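Below is one structure, written out as structure tokens; the observations come after it.
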Amino acid sequence: MMIAIDGTLVSKGKGGVYGERMIGEYRVWDPYRSKLAALWYLDHSTDLPGDSVVLYLGAANGTTVSHVADYAEAVYAVEFAPRPMQDLLMVAKSRKNIVPIYGDATQPQRYAPLLEPVDLVYQDVAQPNQAAIAIRHLPFLREGGEVILMLKTRSVDIRKSPEEVFADTCRELEDAGLSVVKSVWLLPYHADHAAIVCKRV
């Protein structure tokens, strides 16, 4: 269960990852730095059960990954860019439940042997084929598991409106057998971004 203190989203864990503020032993989770935190502020039904195993695609420097790890049982964090990967490795050193994977999320077969079945696929890879990347990872998702796709509409097709890109992405996910549970535009925290939450049925 995700925790809020006086309406502020927090996670319980060691601080100092990105200069985040502390409230006692809890880390303040900044919605302007994390799309998942933004989703929670805009839709309080968002949750991370403590026994979850998460596959995180597009881990970047580990800001959101570190908060997810404060809640989840295990986080498999995939990142392709060398510089952010260095920061992610530092984050993983202080959290034993993060498995950093230096890999290309468009080619999951290359790191498949490192994975186990997961409860959540969290996808934050700003590429034109964002839906396809999430779909390629469905073999690792347990039945009844969730996909949270952080859609950056301008990365998909700048010729289309954000609403058109969003509608096309939802159709692609549904055609792959996912059920779109909810969708949330992330303003005012992140422009041209929408969170699409799906369930595997």
Side-chain angles (χ1 to χ4, degrees), residues 1-5 8-41 46-127 130 133-134 136-137 140-141 146-150 152 155 186 189-190 193 195:
M1 180 70 70
M2 294 173 79
I3 303 166
I5 298 175
T8 298
L9 181 64
V10 297
S11 67
K12 188 176 181 180
K14 184 179 178 181
V17 174
Y18 60 102
E20 67 275 30
R21 186 164 59 90
M22 300 292 294
I23 302 176
E25 58 187 346
Y26 292 91
R27 306 167 59 218
V28 172
W29 196 344
D30 185 351
Y32 290 98
R33 298 285 297 269
S34 168
K35 299 179 192 75
L36 184 55
L39 174 60
W40 182 89
Y41 276 98
T46 301
D47 198 14
L48 277 172
D51 59 352
S52 296
V53 177
V54 179
L55 174 55
Y56 194 120
L57 307 173
N61 57 8
T63 296
T64 299
V65 169
S66 68
H67 285 288
V68 172
D70 288 345
Y71 284 100
E73 180 179 305
V75 184
Y76 293 85
V78 180
E79 177 52 46
F80 185 62
R83 181 62 189 89
M85 188 67 193
Q86 293 178 24
D87 294 336
L88 179 62
L89 289 170
M90 294 302 296
V91 172
K93 279 186 177 181
S94 62
R95 284 169 171 78
K96 303 299 184 185
N97 60 340
I98 297 176
V99 180
I101 298 172
Y102 183 46
D104 182 350
T106 66
Q107 301 183 56
Q109 71 279 3
R110 294 192 173 183
Y111 50 81
L114 303 175
L115 302 178
E116 61 177 305
V118 302
D119 304 293
L120 169 64
V121 174
Y122 182 88
Q123 208 272 74
D124 189 10
V125 179
Q127 293 190 16
Q130 291 171 56
I133 289 171
R136 285 176 192 154
H137 290 82
F140 308 110
L141 183 64
E146 284 191 335
V147 173
I148 298 179
L149 171 60
M150 292 300 177
K152 185 177 182 181
S155 293
L186 298 183
Y189 304 106
H190 301 272
H193 280 82

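Quick caveat, the model's predicted, so the values are computed rather than measured.
K152 meets the side chain to side chain donor-acceptor pair (under 3.5 Å) test with no other residue; sequence neighbours excluded.
At distances below 3.5 Å, at least one donor-acceptor pair connects side-chain atoms of E20 with backbone N or O atoms of Y18. Remark: the backbone N or O of Q109 is not paired with any side-chain donor or acceptor of Q107 at under 3.5 angstrom. Counting only distance, with no hydrogens or angles, the side chain of N97 and the backbone of A69 share a donor-acceptor pair below 3.5 Å. Side-chain atoms of H190 come within 3.5 Å of backbone atoms of P31 as a donor-acceptor pair (strictly under, hydrogens ignored). Side-chain N or O atoms of Q130 include one that pairs as donor or acceptor with a backbone N or O of Q127 at under 3.5 Å.
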- prompt: Going through the checks in order, is the side chain to side chain contact (heavy atoms under 4.5 Å, CB included) test met by H193 and K35?
  reply: CA-CA 9 Å; H193 280 82; K35 299 179 192 75; 3.3 Å; yes
Test log, rule side chain to side chain contact (heavy atoms under 4.5 Å, CB included), inputs V91 and I98: CA-CA 8 Å; V91 172; I98 297 176; 3.9 Å; yes
- request: List the steps and the verdict of side chain to side chain contact (heavy atoms under 4.5 Å, CB included) for Y122 and L55.
  value: CA-CA 6 Å; Y122 182 88; L55 174 55; over 6 Å; no
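No donor-acceptor contact under 3.5 angstrom links the side chains of T8 and R21, judged on distance only.
Taking 4.5 Å as the limit, some side-chain heavy atom of H137 sits within range of a side-chain heavy atom of L57. Within the 4.5 Å cutoff, no side-chain heavy atoms of Y56 are placed close to those of V78.
For K14 and D70, the salt-bridge test fails: no basic side-chain N is under 4.0 Å from an acidic carboxylate O. Ion pairing between a basic and an acidic side chain is recognised when a charged N comes within 4.0 Å of a carboxylate O; R110 and D104 show no such pairing.
In M90, the CE atom is not crowded: 12 or fewer heavy atoms of neighbouring residues, nucleotides or ligands sit closer than 6.0 Å. Within a 6.0 Å radius of CZ in F80, other residues, nucleotides and ligands contribute 12 heavy atoms or fewer.
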Identify every side-chain donor-acceptor pair in residues 46-54 under 3.5 Å, counting partners at least two apart or on other chains, and give the distances.
from, atom 1, to, atom 2, distance (Å)
T46, OG1, D43, O, 3.1
D47, OD1, M2, N, 2.8
S52, OG, P49, O, 3.0

